[in-house]
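Being a predicted model, the structure only gives us computed values, none of them experimental.
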Amino acid sequence: MKKILSFISVAVLLGAALAVSCKKIATDSKPVEESADGETATLNITLSGVDMDISTRASGTGEYNGDKTAASVQILIFDSAGNYVKKATAVGTVKLSKGMYYTIIAVVNGPEVSNLNLIQTRAVVASLADNPFVMHGQAIANLSEASTGNITVPVSSLASRVHLTSVKNSLPTAFGAITLKRVYLCNVKGQVQLDATAVDSWYNQYGRKALGTLITAGSTTGAVDAGNTGSAYTFKSYETSPATSIAAGTTYSANAYYYTFPNPLKTAIPANIATTTTWNEQATWLTICGQVGDKIYYWTANLGVALTNGLERNNSYDVSITLNNLGSTDPGTPVTEASVTLGINVQPWQAGSEITQTL
């Protein structure tokens, strides 16, 4: 059964001095120099979609660990032909030549962009390892006749966020506790262009540390670990002391966050994937690695299959997982049907839907 819930966010225009601890955007209080001789116009630029309007919402849509805080801002201005005009590093007032339309692009928490035209700017690539919280937006300012203008650029995250809320141990009581070892995303889209065009870059392929090295069945050898590219945003280790143990019939409140750039694929997990070193693009999975007794097991939830459009940008997915039986010996080997119950509450930092599916 699927339930769809939609929420409409309230955009708050921000224009105070940059202080990440206060979650506010920097303001450029002085106009940028005129771009050309002749008659000029004044344009006031603000942003929406970041900081306070996000942090005041419920946990499913609220920001976490700065993922909606504007730590850096680039305001890029292009003329009607797409030529680069100027750049500001804060919202505020700029002076521009009067008599044309301007494209205003905002890049928040993104890679450095300098002296590129509009097409080149849109093609700049952000990586998950370096820019997991990158946001982008654009708007058109009409200064063809007016001498003053105001423009708000709405920005949104280029990444998808997966929030593991809970893991329940519903194995038969005889199996006892599950000791968590690792939880991570597999088949992660590692890069994206600023215009949201996909880039052929993948992390954690098939749940392995390296695509060409198979995982030793029933162990963590060869599996994704903290050394994988972008692991700070795709991986969490529970191999610490004291151990994280989930007793039979109890639920562990994980509250763990993971990030990937959008992956629309809804592919089922192929039968031979655990034994191949050839890459075929896959839906994104969430894999739980745990120990029952003296054996290591994997429970892999295929997030792509559970969602109508796969993982989408600016969406935060609250995921709760119930483990009904023993897992498999490899992340790429699906557990048997109905051995995992997967609940996904989709809350794009600005909207939401709820999906429950049994795998």
Report task. Give a yes or no on whether the backbone of S219 and the side-chain of Y298 come within a donor-acceptor separation of less than 3.5 Å. Result -> yes

Query raised in the report: Would a distance-only check, ignoring hydrogens and angles, find a side-chain to backbone donor-acceptor pair under 3.5 Å from K236 to Y258?
Result: no

Requested in this report: Would you tell me whether S127 and D130 have side-chain atoms, one donor and one acceptor, within less than 3.5 Å of each other?
Outcome: yes

Query raised in the report: Between N142 and S144, is any side-chain donor less than 3.5 angstrom from a side-chain acceptor?
Result: yes

Requested in this report: Would you name the heavy atoms of A283 and N187 that are closest together and state the gap between them?
Outcome: O-ND2, 2.9 Å

Report task. Can you measure from OG1 (T260) to CH2 (W202) and round to the nearest 0.5 angstrom? Result -> 7.5 Å

Report summary line: Distance col, row D79:CG vs N117:CG, nearest 0.5 angstrom, shows 10.0 Å

Query - Any side-chain donor near an acceptor of the partner, Y257 and D67, under 3.5 Å - result: no

Query - Hydrophobic cluster membership, I77 vs V108, 4.5 Å side-chain cutoff - result: yes

**Report entry** Donor-acceptor contact present, side-chain Q138 to main-chain H136, <3.5 Å
**Finding:** no

Query - Verdict with reasoning, I296 to Q291, per side chain to side chain contact (heavy atoms under 4.5 Å, CB included) - result: CA-CA 4 Å; I296 298 292; Q291 182 172 328; 3.7 Å; yes

Query raised in the report: When you look at L194 and V134, which way does the side chain to side chain contact (heavy atoms under 4.5 Å, CB included) test go after all the steps?
Result: CA-CA 9 Å; L194 291 182; V134 60; 4.2 Å; yes

Requested in this report: Tell me whether V319 is reachable from I269 by hopping between hydrophobic residues (I, L, V, M, F, W, Y) whose side-chain heavy atoms are closer than 4.5 Å.
Outcome: no

Query - Nearest atoms (heavy-atom pairs only) where A223 meets Y184 - result: CB-OH, 3.8 Å

Query raised in the report: Counting distance only, does the side-chain N/O of T221 pair as donor-acceptor with the main-chain N or O of T216 below 3.5 Å?
Result: no

**Report entry** K189 side chain to P264 backbone, donor-acceptor under 3.5 Å
**Finding:** no

Report summary line: On a heavy-atom basis, the closest approach of S245 and A177 is OG-CB, 3.4 Å

Report task. Go through the steps to decide whether N325 and F175 satisfy the test side chain to side chain contact (heavy atoms under 4.5 Å, CB included), and finish with yes or no. Result -> CA-CA 9 Å; N325 215 322; F175 287 124; 4.0 Å; yes

Requested in this report: First locate atom CG of L303, then atom CG of N263, and finally report the distance between them rounded to the nearest 0.5 Å.
Outcome: 9.5 Å

Query raised in the report: With under 30° as parallel and over 60° as perpendicular, where do the rings of W285 and Y206 fit, or are they tilted in between?
Result: parallel

**Report entry** Nearest heavy atoms of M135 and N109, plus distance in Å
**Finding:** CE-ND2, 3.7 Å

Requested in this report: Sequence neighbours left out, what passes side-chain hydrogen bond (donor to acceptor under 3.5 Å, both in side chains) with N204? Give chain and number order.
Outcome: N228, T234

Requested in this report: Look at the side chain of N169 and the backbone N and O of I246, then say whether any donor-acceptor pair between them is shorter than 3.5 Å.
Outcome: yes

Query raised in the report: Can you tell me how far CD of Q205 sits from CD1 of I273, rounded to the nearest 0.5 angstrom?
Result: 10.0 Å

**Report entry** Within-4.5 Å side-chain heavy-atom neighbours: V125 and Q193
**Finding:** yes

Query raised in the report: Are V199 and V107 grouped together when hydrophobic residues (ILVMFWY) are joined by side-chain heavy atoms under 4.5 angstrom apart?
Result: no

**Report entry** T300 side-chain N/O to P331 backbone N/O, donor-acceptor pair under 3.5 Å
**Finding:** yes

Query raised in the report: Can you tell me how far CZ of R182 sits from CD1 of I288, rounded to the nearest 0.5 angstrom?
Result: 14.5 Å

Requested in this report: Let me see the working for L323 and V335 under side chain to side chain contact (heavy atoms under 4.5 Å, CB included), right down to the final yes or no.
Outcome: CA-CA 10 Å; L323 307 179; V335 289; over 6 Å; no

Query raised in the report: Does atom CD1 of I140 have more than 12 heavy-atom neighbours, drawn from other residues, nucleotides or ligands, at distances under 6.0 Å?
Result: yes

Report task. Output yes when a side-chain donor or acceptor of W299 lies under 3.5 Å from a complementary backbone atom of N324, and no otherwise. Result -> no

Query raised in the report: Do S114 and E112 get their side chains close enough for a donor-acceptor pair, meaning under 3.5 Å?
Result: yes

Query raised in the report: Is the backbone of A71 close enough, under 3.5 Å, to the side chain of T69 for a donor and an acceptor to pair up by distance?
Result: no

Query - T197 and D195 side chains, donor-acceptor separation under 3.5 Å - result: yes

**Report entry** Same apolar cluster (I L V M F W Y, side chains within < 4.5 Å links), V192/V113
**Finding:** yes

Query raised in the report: Should L43 and I104 count as side-chain neighbours, where that means a heavy-atom distance under 4.5 Å?
Result: yes

Query raised in the report: Backbone N or O of E312 within a donor-acceptor pair of the S160 side chain at under 3.5 Å?
Result: yes

Query raised in the report: Any side-chain donor-acceptor pair under 3.5 Å between S157 and K68?
Result: yes

Query - Flag for T42-T148: side-chain donor and acceptor within less than 3.5 Å - result: no

Query raised in the report: Looking at side-chain heavy atoms only, is the closest gap between Y203 and F235 below 4.5 Å?
Result: no

Query raised in the report: Is atom NZ of K98 surrounded by more than 12 heavy atoms (other residues, nucleotides or ligands) closer than 6.0 Å?
Result: yes

Query raised in the report: Hey, are the side chains of Y238 and Y252 touching, using non-hydrogen atoms and a 4.5 Å cut-off?
Result: yes

Report task. Specify the closest pair of heavy atoms between G212 and T277, including all atoms of both residues, with the distance to one decimal. Result -> O-CG2, 3.6 Å

Query - Close side-chain approach of F78 and T121, heavy atoms under 4.5 Å - result: yes

Report task. Spell out, yes or no, whether V73 and Y102 are grouped together once hydrophobic residues are joined by side-chain heavy atoms under 4.5 Å, including indirect joins. Result -> yes

Query raised in the report: Taking all non-hydrogen atoms of both residues, which atom of S231 and which atom of A226 are closest, and how far apart?
Result: OG-O, 2.6 Å

Report task. Measure the CG-CG distance between N315 and L307 for me, rounded to the nearest 0.5 Å. Result -> 8.5 Å

Report task. Would you check if Y64 and R161 make a side-chain contact, meaning some heavy-atom pair closer than 4.5 Å? Result -> yes

